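Report on one structure; see the data block that follows.
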Amino acid sequence: MVDPNGNESSATYFILIGLPGLEKAQFWLAFPLCSLYLIAVLGNLTIIYIVRTEHSLHEPMYIFLCMLSGLDILISTSSMPKMMAIFWFNSTTIQFDACLFQMFAIHSLSGMESTVLLAMAFDRYVAICHPLHHATVLTLPRVAKIGMAAVVRGAALMAPLPVFIKQLPFCGSNILSHSYCLHQDVMKLACADIHVNIIYGLIVIVSAIGLDSLLISFSYLLILKTVLGLTREAQAKAFGTCVSHVCAVFIFYVPFIGLSVVHRFGKQHDSILPVIMANIYLLVPPVLNPIVYGVKTKEIRQRILRLFHVTTQTSDP
């Protein structure tokens, strides 16, 4: 920003423009987006409720699934209410500290989700490659510690980002090109050298998302090697337990990697592509994950059908 004397000053607020070029259609686009958000929240809450109330599902795979569902709810909730306020009420202003908090929440929760997906891959590796040791390796207290480690890791890696942004002076435009605050978007408005932010952002992506995706791929190579030595019936059963997780991995990492590539190498001037990809990255995984696990996981599917069957019976006159 620039003060009345023409000197550089710190930002006090930013303006979120929503969907550039589609301002007139934003009001109507908010309805399907809001519907998807409600589906995401209800779907993930259903998964959490079923796993919590069914004692037979108190196993590492389903507890990790609960963690994933909880993070999906938090990730979508960190951006969607403000996005709806922009689209419906033209509430485009966001205070500087609120923007930093939203930025930290989105990035740290994404890091936590990546860690949980890695833990789920490790669970499948132990269950398939070392089934006799699964109960002793992944005990419930150890699963809880892994969950805590995911929270600490995600928060610790992303904590420096708002600190670095606070040190930057801002001048000129205060308009952000997205519907919510992203580190890549905010730092580009600074009128100072941002190499520290860029380098640290790359370090975080490589050490968190890059390392996690590499270890997940390695886990499935070991799983594939073990499964190929089994009978056809055992192969089908083993692959069946992995399909949902593989889908969740692709649903999370493909939009994230695509968004990172567009931000670093794409021409973003007056382009709506990065904005659409950013919205897909935060909304699509929370919507699809409960659907995938509800359809592909027999135990979850049976409980969902039983839940709706009970509701139908009790509502009949």
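Position 1 is the first residue of the sequence, and the numbers go up from there. Just the heavy atoms: all of them, side chains too, but no hydrogens, waters or symmetry mates, feed the values below. Owing to the predicted nature of the structure, the values given are computational and were not obtained by experimental measurement.
A donor-acceptor pair under 3.5 Å is absent between the side-chain atoms of E113 and the main chain of L68, judged by distance alone. S173 places a side-chain N or O within 3.5 Å of a backbone atom of I175 that can act as its donor or acceptor partner. The backbone N or O of P290 lies less than 3.5 Å from no partner atom in the side chain of N44, so there is not a single donor-acceptor pair. Between the side chain of K82 and the main chain of S91, a donor-acceptor pair closer than 3.5 Å is present. Of the possible donor and acceptor atoms, one in the side chain of R142 sits under 3.5 Å from a partner among the backbone N and O of V137. A donor-acceptor distance shorter than 3.5 angstrom exists from the side chain of T136 to the backbone of H133, with no hydrogens or angles considered. Side chain of Y180 to backbone of A278: a donor-acceptor contact under 3.5 angstrom is found. Side chain of T115 to backbone of G111: a donor-acceptor contact under 3.5 angstrom is found. Under a 3.5 Å cut-off, the side chain of N289 and the backbone N or O of P285 do form a donor-acceptor pair. For Q26 (side chain) and L19 (main-chain N/O), a donor-acceptor pair under 3.5 Å exists by modelled atom type.
The distance from atom CD1 of I15 to atom SG of C99, rounded to the nearest 0.5 Å, is 12.0 Å. Taking CD1 of I291 as the reference point, atom NZ of K296 lies at 13.0 Å (rounded to 0.5 Å). A distance of 9.5 Å separates CD in Q302 from OG in S56, rounded to the nearest 0.5 Å. Distance check: Y281 OH to I251 CD1 gives 14.0 Å after rounding to the nearest 0.5 Å. Distance check: S219 OG to L224 CG gives 12.5 Å after rounding to the nearest 0.5 Å.
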In sequence, state the C-alpha distance, the side-chain angles, and the governing distance for L38 and M80, and then conclude on side-chain contact (heavy atoms from CB on, under 4.5 Å).
CA-CA 10 Å; L38 293 176; M80 286 305 297; over 6 Å; no

Going through the checks in order, is the side-chain contact (heavy atoms from CB on, under 4.5 Å) test met by K166 and L100?
CA-CA 9 Å; K166 276 231 172 191; L100 293 188; 3.4 Å; yes

Under the side-chain contact (heavy atoms from CB on, under 4.5 Å) rule, what do V51 and C66 come out as? Steps first, then yes or no, please.
CA-CA 7 Å; V51 174; C66 275; 3.3 Å; yes

With side chain to side chain donor-acceptor pair (under 3.5 Å) as the criterion, how do T297 and Y62 come out once you've worked through the C-alpha distance, each side chain's angles and the decisive distance to 0.1 Å?
CA-CA 10 Å; T297 307; Y62 300 108; over 6 Å; no

Could you go through T53 and R303, starting from their C-alpha distance and side-chain angles, then the distance that decides it, and tell me whether this counts as side-chain contact (heavy atoms from CB on, under 4.5 Å)?
CA-CA 10 Å; T53 54; R303 269 65 176 191; over 6 Å; no

Does the side chain to side chain donor-acceptor pair (under 3.5 Å) test come out yes or no for D123 and H134, once each step is laid out?
CA-CA 8 Å; D123 169 69; H134 185 259; 2.7 Å; yes

Show your working on ring pair (Phe, Tyr, Trp, His ring centres under 6.0 Å) between Y220 and H245 and close with a plain yes or no.
CA-CA 11 Å; Y220 274 103; H245 178 253; 5.7 Å; yes

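When side chains are defined from C-beta on, S76 does not count as touching L282, because their heavy atoms never get closer than 4.5 Å. The shortest distance between side-chain heavy atoms of F31 and W88 falls below 4.5 Å. Proximity of C247 to V243: side-chain heavy atoms (C-beta onward) are separated by under 4.5 Å at one or more points. Looking only at side-chain heavy atoms (C-beta outward), F14 and T92 stay at 4.5 Å or farther from each other. You'll find the side chain of C129 reaches within 4.5 Å of the side chain of I223, heavy atoms only. Between I106 and Q102 there is a side-chain heavy-atom pair separated by less than 4.5 Å. Between N197 and I194 there is a side-chain heavy-atom pair separated by less than 4.5 Å. Residues Q184 and H107 meet the side-chain proximity criterion, which asks for heavy atoms closer than 4.5 Å.
By the rule that hydrophobic residues join a cluster once side-chain heavy atoms approach within less than 4.5 Å of another member, F101 and I75 end up as members of separate clusters. Residue L117 is grouped with residue L222 when hydrophobic side chains (ILVMFWY) are merged at heavy-atom distances under 4.5 angstrom, including chains of intermediate members. I199 and V204 fall into different hydrophobic clusters, where Ile, Leu, Val, Met, Phe, Trp and Tyr are joined by side-chain heavy atoms under 4.5 Å apart, directly or via other members. Taken together through direct or relayed side-chain contacts under 4.5 Å among Ile, Leu, Val, Met, Phe, Trp and Tyr, F218 and L228 form part of one hydrophobic cluster. Linking ILVMFWY side-chain heavy atoms closer than 4.5 Å, directly or via other members, places V206 and L118 in two distinct hydrophobic clusters.
Closest approach of Q235 and L230 over heavy atoms only: NE2-O, 3.2 Å. What you find for I73 and V41 is that their closest heavy atoms are CD1-O, 4.1 Å. Of all the heavy atoms in C181 and L176, the pair that sits closest is SG-CD1, 3.8 Å. For C34 against M84, the heavy-atom pair with the smallest separation is CB-SD, 3.7 Å. Closest approach of T241 to M61, counting heavy atoms only: O-SD, 4.4 Å. Taking all atoms of both residues into account, the shortest heavy-atom contact from L36 to V287 is O-CG2, 3.3 Å.
Aromatic ring orientation, F256 versus F252: parallel (interplanar angle below 30°, classes split at 30° and 60°).
Aromatic rings of F27 and F87 (six-membered ring for Trp) have centroids beyond the 6.0 Å cut-off, not under it. Aromatic ring centres of F96 and Y13: separated by at least 6.0 Å. The aromatic ring centres of Y125 and H130 sit less than 6.0 Å apart.
For R52, the CZ atom counts as loosely surrounded, since its 6.0 Å shell holds 12 or fewer non-hydrogen atoms of other residues, nucleotides or ligands.
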